Chemist: 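Below you will find the structure I want to go over with you.
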Amino acid sequence: MTLDALLARAARRLLEAGSPSARLDAEVLLCHALGVDRTWLYTWGDREAPLLERARFEALLAARAAGQPVAYLTGEREFWGLRLSTSPHTLIPRPDTERLVEAALALGASPRGRLLDLGTGTGAIALAFASERPGWRVVGIDLSPEAVALARHNAERLAIGNVEFRAGDWFAALEDGAERFALIVSNPPYIAADDPHLARGDLRFEPHGALVAAEQGLAELRHLVVEARAYLVPGGWLLLEHGHGQGEAVRDALAAAGYGEVATLRDLGGHDRVSLGRHAEGGTGGGRS
Ligand code: GLN
């Protein structure tokens with residue numbers, strides 16, 4: 001059977017299994033099995049599929065038809081043009097989160113500064129920012145030691161040197177008040193425990209702890225809003241990714257904690273996705289500084 005024929009059959013199978021991106025999934029998995037890129041596949045589609053690679057492809061296809069995320073099967077995902085290794089210990093980087101990177105870059109336009117990324121996972125946000133701002137020092141923190149090891153591996157593989165990853169529970173890996181940042185960013189867990197999306201698609205296979213939070217998904221967002229002030233320089237910004245129905249609640253939390261210039265940004269789909277606020281200089285909003 002030719003590669004083209006194999007691909008067409010695989011795409012049909014994934015479509016029947018309910019994959020929302022069946023043709024693309026089939027192409028990505030076949031490339032992975034063959035060890036080639038998609039340009040090669042488009043050029044040489046009339047070749048016969050070698051037996052060993054074909055068996056490898058069939059195994060990947062069966063796992064995908066059973067719902068396994070493509071990023072876990074191939075072990076990688078592109079984010080901000082960076083090829084990141086992924087693992088079932090972390091959330092899969094999503095295009096929505098590039099909105100957070102964009103906003104952080106706009107606010108962090110100066111040549112030097114310090115950025116903190118909380119719940120860094122694969123290191124996606126930290127690495128994207130660090131790659132664009134070589135004069136900045138970036139710190140990424142994650143509760144999961146496996147995530148920290150993966151993020152370090154990604155930094156090494158991409159040769160991004162101005163970033164450091166630590167294991168810890170949010171701010172616990174930092175010395176209280178001794179380390180301050182011009183930008184603090186996070187894509188924390190923000191999905192409510194009873195959200196039906198958790199039973200669909202990739203989310204079924206991703207770590208629960210990276211997705212789900214108490215208080216209808218708002219508990220960690222609120223915690224970060226309150227705690228971050230002690231780690232921001234005066235005039236520094238906190239930027240948080242959140243669900244599309246959480247913009248108002250996050251803005252309220254930011255305002256109540258004394259942040260200024262509070263706003264919400266939309267993602268490419270037009271949904272509220274990132275809220276931000278500025279540590280008011282000499283502000284009195286209940287912070288410790
Ligand atoms: N944006 C992801 C989703 O809804 C969830 C990410 C998160 O909880 N931080 O699929």
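The first residue of the sequence shown is numbered 1, and numbering continues consecutively from there. Note that the structure is predicted; figures quoted are calculated from it, not measured. Both counts, for ligands and for their atoms, begin at 1 and track the order of listing.
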Chemist: Before giving the answer on side chain to side chain donor-acceptor pair (under 3.5 Å), spell out for S144 and E146 the whole-Å C-alpha distance, their side-chain angles and the decisive distance to 0.1 Å.
Modeler: CA-CA 5 Å; S144 151; E146 290 92 351; 3.3 Å; yes
Chemist: Give the C-alpha distance, both sets of side-chain angles, the deciding distance and a yes or no for salt bridge (charged side-chain N to carboxylate O under 4.0 Å, His left out) between E206 and R94.
Modeler: CA-CA 13 Å; E206 293 178 288; R94 288 165 166 69; 2.7 Å; yes
Chemist: Is the shortest distance from a Lys or Arg side-chain nitrogen in E27 or R38 to a carboxylate oxygen in the other one below 4.0 Å?
Modeler: yes
Chemist: With heavy-atom distances below 4.0 Å as the criterion, list the atoms of ligand 1 near N187.
Modeler: 7 (C), 9 (N)
Chemist: Can you check side-chain contact (heavy atoms from CB on, under 4.5 Å) on L276 and E261, steps first, answer last?
Modeler: CA-CA 8 Å; L276 53 140; E261 302 177 54; over 6 Å; no
Chemist: If we set the cut-off at 4.0 Å for heavy atoms, which region of L203 has an atom near ligand 1: side chain, backbone, both, or neither?
Modeler: side chain
Chemist: Salt-bridged, R13 to E16, with N to O below 4.0 Å?
Modeler: no
Chemist: Any atom of ligand 1 sitting under 4.0 Å from a heavy atom of A210?
Modeler: yes
Chemist: Do E179 and R114 sit within salt-bridge range, that is, some charged N less than 4.0 Å from a carboxylate O?
Modeler: yes
Chemist: When you measure from atom 1 (N) of ligand 1 to every protein heavy atom, which one gives the shortest distance, and what is it?
Modeler: Y190 OH, 2.7 Å
Chemist: Using distance alone, determine whether R94 and ligand 1 share an N or O pair under 3.5 Å.
Modeler: yes
Chemist: Does any N or O atom in R273 lie less than 3.5 angstrom from one in ligand 1, N or O only?
Modeler: no
Chemist: Atoms of ligand 1 less than 4.0 Å from E241 heavy atoms?
Modeler: 1 (N)
Chemist: I want to confirm something. Looking only at heavy atoms, which of P188, G243, S186, P189 is nearest to atom 9 (N) of ligand 1?
Modeler: P188
Chemist: With heavy atoms only and a cut-off of under 4.0 Å, state how L91 meets ligand 1: side chain, backbone, both or neither.
Modeler: side chain
Chemist: Report the nearest protein non-hydrogen atom to atom 4 (O) of ligand 1: residue, atom name, distance rounded to 0.1 Å.
Modeler: I191 CD1, 3.9 Å
Chemist: Tell me, please, whether W136 has R133 positioned over its six-membered ring: NZ or CZ under 6.0 Å from the ring centre and within 45 degrees of its axis?
Modeler: no
